[in-house]
Amino acid sequence: MREFFPVLVYNVAVCNLASFTIKDSLSNFLDRLETILMHRWSQLFIPTLREAPADAEVASHKLLVRAGYIRQLGAGIYSFLFLGNRSTQKIMGIVREEMDKIGQEFYLPALNPREIWEASGRWTTMGENMFRLKDRKGADLCLGMTHEEVMTDIARKELRSYKQLPQIWYQIQTKFRDEPRPKSGLLRVRQFIMKDAYSFDIDAAGLDVSYLKHYDAYCRIFDRCGLKYMVIDAHSGAMGGSQSQEFMVRTPAGEDQVVSCEKCSYAANMEKAASKLASVEDLATEGDGGPLEVHTPGQKTIEDVARFLGVSQKHTIKTLAMVITEEDAKTGKTRTRPVVLLMRGDHQMNEAKLSTAVGGKATRPMQEDEIRELFRAPAGYLGPLGTEWARDLNDSGKPILLVDTALEGRTNLIGGANKENYHVKHLTPGKNFHPTAYVDLRSVTAGEDCPNCGSPLRIDTAVEIGHIFKLGYKYSESMGARVLDRNGKEVAPIMGSYGIGIERILTAAIEQSNDENGFWLPPSIAPFEVVVVSTNSKDEAIRAASEAIARQLETAGYDVLLDDRDERPGVKFKDADLVGIPFRINVGKKVTEDTVEVVRRSTLLKEDVKLSAISEYFRGLHPSGH
RNA sequence: CGGGACGUAGCGCAGCCUGGUAGCGCACUUGCUUGGGGUGCAAGGGGUCGCGAGUUCAAAUCUCGCCGUCCCGACCA
């Protein structure tokens, strides 16, 4: 603020020339100047609401609207008003400062021609999630959901040599996604601001460095934003990604499930999380140990069968019949391929893990007629016997048998007999049936042991605020970016992509710190750091002291909001508590003793502070140490 | 895209079933009052009842269609 002072005076002067009539005295002019330099509540637009809109469900949504930060324009489309804009601007400022340390900021178009999305193949794969439009000539355009294509287009046109690498390019801009279901205020929207960065390196070792730079920058950004976050290993998808981590903030409003260890640093999302299982003592062998059919009339579920036979579900096999859709390499036609999964009876299958196991293809449960055709038996009695048709994963089109790792090494399990009303005892993998592969298909559940340290795992819902991702060669190859390496050989640069959701930082911060009266933001991202409440605007001593304190702190470099409205103190206190400002100074009767109250919003604890000690007081509290 | 709910003043809601002058609280305007946790009193302003058709002498209310918003699910680079 201070360094912009001369510029501001100039602008204000110029702006006012037009309306500067003879009637306007110099002091009037200076008053106006003062209003602009000092943020006076009485002259600002901060439309606070006593009640939240009926549409709002999650805390941050209700409070953002109540505090006058945002207003809704349509489903998943929001306007940012004065306070909301100040806060997101501060967040962007922090992101920009830290990103400038590792990369270069660009400004890219949101309006993209179809061609570059055709080149990467995403014009079709993005499907309905992409906003599309036509120009007057009928040419297809879309609104950018992310900017791999545009960045890679620049790279392919401009980068020629390994000597130009590495490059880290970033932007902080609006993105558009036609979400099937916008929800939870700013958490899931159709237009939002994102910082996205892209790295180009000559080799994997270079990518490791770029990736690490982003990891460090992200930690600094989220630390400075005052968030309590965790970094988790993420499901990197089937397409080329080798490493991927997500920065998550725990909150019940979140949409993602995150597994984390109570003791050590282990954390992963559900699609990736693993756990150590307590070992199970297998059932004893009866008779000769060969497969033994048992009559289980009407017992279709694992629960039924285990109870009926008087065994734990841990000794049973759950047989799941799925289908994947794959494309024939030669004809290009899609066809289905049966995938039979064996899980321990009490375990849940994770579809993302399954999808990863089969190379990222779409999966769905088998239909009744497909089941009958493959097993010659009805659902409820399926089992691994007679699955000799199971083939190699690469043997396109043929059925495969995937067995969860929890069953590896187990013996004498109980599963369906592929015959109505019958199950089979003494099933042992590798002996009675032969898996295509053992793979981890199981969803971790809370309380299981951490794979690192053995402590209990917890599962929380969380919001993703950042994501770093080793892209590999997907875009550089498909879009034809090439540079010459040291040997003069043409190679595709290896890429990384790195995103941060700006509004999600604000939302997560509010979710982390709110009560029924409002919320409090970390000073670094709050629209104002301090609100000075003049408790009685008719009392000249109080009014003057409020002005003086506000000006003093403003001069010291703080962002100060002076509540000079002619309102009752109760109204001002309620509003101050609502709007997210972390510190409040109540200026009241005690000014006659040169004393004011400082209130920390997070605790609502009040402290009497001498006027002469105000600056000193805040020097101690301010995290960025003015 | 499947399931559910809602749409009446800026916000929160009643009225609809049983058709007949559109109401309450907050907010807003004016005056007085009050001045440390949304002060009190008085007088006001503000509504094509989401849109369109239909039934009817008459529709916020009944019927049909459309649009919009929210919730659950599916989806989520």
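Any value given below was found using the heavy atoms of this structure, including those in side chains, with hydrogens, waters and symmetry copies removed.
- Contact annotation for A/K606: base contact, defined as any heavy-atom pair under 4.0 Å involving a base atom.
- For B/C70, the paired base is B/G4 (Watson-Crick or G-U wobble, both distances below 3.5 Å).
- For B/C70, the OP1/OP2 oxygens have no side-chain nitrogen or oxygen of A/K183 closer than 4.0 Å.
- A/G499 comes within contact range of no nucleotide atom at all, as no heavy-atom separation falls under 4.0 Å.
- Picking from B/C75, B/C71, B/G35 the nucleotide with the shortest atom distance to the side chain of A/E57 gives B/C71.
- Distance, A/H467 NE2 to B/C76 C1': 12 Å, rounded to whole Å.
- Annotation: B/C26 and B/A42 have their P atoms spaced 12 Å apart (nearest Å).
- Counting only heavy atoms from C-beta outward, the side chains of A/V95 and A/E98 never approach each other to under 4.5 Å.
- Taking A/Y78 as the reference, A/H61 meet the side-chain hydrogen bond (donor to acceptor under 3.5 Å, both in side chains) condition, with sequence neighbours excluded.
- Residue A/E597 is the one, among A/R181 and A/E597, whose nearest nucleotide of RNA chain B lies closer to the 5' end (criterion: closest heavy atom).
- To the nearest angstrom, P of B/A27 lies 13 Å from CZ of A/R565.
- Annotation: B/U56 and B/G4 have their P atoms spaced 32 Å apart (nearest Å).
- For CD of A/E118, the number of neighbouring non-hydrogen atoms (other residues, nucleotides, ligands) closer than 6.0 Å is greater than 12.
- The CE-P distance, from A/M270 to B/C75, rounds to 14 Å in whole Å.
- Pairing for B/U18 is absent, with no Watson-Crick or G-U wobble pair whose two atom distances lie under 3.5 Å.
- B/A22 sits 14 Å from B/U61 when the P atoms are compared, rounded to a whole Å.
- In terms of the ring pair (Phe, Tyr, Trp, His ring centres under 6.0 Å) criterion, A/W123 has no residue partners (sequence neighbours excluded).
- Aromatic rings of A/F222 and A/Y229 (six-membered ring for Trp) have centroids within the 6.0 Å cut-off, being under it.
- In terms of position along RNA chain B, the nucleotide closest to A/V587 lies nearer the 5' end than the nucleotide closest to the other residue of the pair A/V587 and A/P180.
- Annotation: side chain of A/M151 is in contact with side chain of A/L108 (closest heavy-atom distance under 4.5 Å).
- The residue A/T48 sits apart from the nucleic acid: no heavy atom pair falls under 4.0 Å.
- When the C1' atom is compared between B/C28 and B/G45, the two are found 8 Å apart, to the nearest whole Å.
- Here, B/U39 and B/A27 have their C1' atoms 16 Å apart, quoted to the whole Å.
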- [ ] Could you give me the CA-CA distance, side-chain angles and deciding distance for A/S260 and A/R250, then say whether side-chain hydrogen bond (donor to acceptor under 3.5 Å, both in side chains) is met?
- [x] CA-CA 11 Å; A/S260 61; A/R250 277 192 192 110; 3.0 Å; yes
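- Spacing between B/G73 and B/C64 at atom P, rounded to whole Å, works out to 30 Å.
- The distance from atom CD1 of A/I77 to atom P of B/G68 is 11 Å, rounded to the nearest whole Å.
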Restricting to nitrogen or oxygen on both sides, can you table the protein-nucleotides 8-14 of chain B pairs closer than 3.5 Å?
from: B/G12; atom 1: OP1; to: A/A54; atom 2: N; distance (Å): 2.7
from: B/G12; atom 1: O2'; to: A/E51; atom 2: OE2; distance (Å): 3.1

Under 3.5 Å, which N/O atoms of the protein pair with N/O atoms of nucleotides 41-44 of chain B?
none

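- With rounding to whole Å, A/I46 atom CD1 is found 17 Å from B/G38 atom C1'.
- At whole-Å resolution of the value, CG in A/D256 and C1' in B/C75 are 13 Å apart.
- Here B/G35 is the nucleotide among B/G37, B/C71, B/G35 with the atom lying nearest to any side-chain atom of A/K538.
- Side-chain contact between A/E57 and A/K62: absent, with no pair of heavy atoms (C-beta onward) separated by less than 4.5 Å.
- Of the candidates B/C75, B/C72, B/C26, B/C26 carries the atom nearest the A/R50 side chain, counting heavy atoms from C-beta on.
- The distance from atom CZ of A/R66 to atom C1' of B/A27 is 14 Å, rounded to the nearest whole Å.
- Ring centroids of A/F583 and A/F618 are separated by less than 6.0 Å, placing the two rings close together.
- Across all strands shown, B/A27 forms no Watson-Crick or G-U wobble pair with both distances under 3.5 Å.
- In summary, A/D594 and A/K610 do not engage in a salt bridge, as defined by a charged side-chain N under 4.0 Å from a carboxylate O.
- In this structure, A/Y498 has its ring center at least 6.0 angstrom away from the ring center of A/Y215.
- For A/T301, the side-chain contact (heavy atoms from CB on, under 4.5 Å) partners are A/E303, A/D304, not counting sequence neighbours.
- As rounded to whole Å, 12 Å separates atom P of B/U69 from atom NE2 of A/H61.
- Dashed line: the shortest gap from a side-chain N or O of A/K590 to OP1 or OP2 of B/G36 is not under 4.0 Å.
- Note: A/W169 and A/Y198 fail the aromatic proximity criterion, with ring centroids not under 6.0 Å apart.
- Nucleic acid contact for A/D539: none, since no nucleic acid atom lies under 4.0 Å from a heavy atom of the residue.
- Within residues 566-582 of chain A, the residues having any heavy atom under 4.0 Å from RNA chain B are, by residue number, A/D566, A/E567, A/R568, A/P569, A/G570, A/V571, A/F573, A/K574, A/D575, A/D577.
- Within the nucleic acid shown, A/E128 has no heavy atom closer than 4.0 Å to any nucleic acid atom.
- In this structure, the separation between OG on A/S87 and CG on A/L64 is 8.5 Å, given to the nearest 0.5 Å.
- Here the separation of B/G15 from B/C57, taken at their P atoms, is 28 Å to the nearest Å.
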Open item on the list: Run A/K134 and A/D140 through salt bridge (Lys or Arg N to Asp or Glu O under 4.0 Å) and show every step you take.
Closed with: CA-CA 5 Å; A/K134 284 187 192 297; A/D140 288 312; 2.8 Å; yes
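- Distance check on atom C1': B/C62 versus B/G20 gives 14 Å, rounded to whole Å.
- If you check distances only, the side chain of A/R584 does reach the base of B/G37 with a donor-acceptor pair under 3.5 Å.
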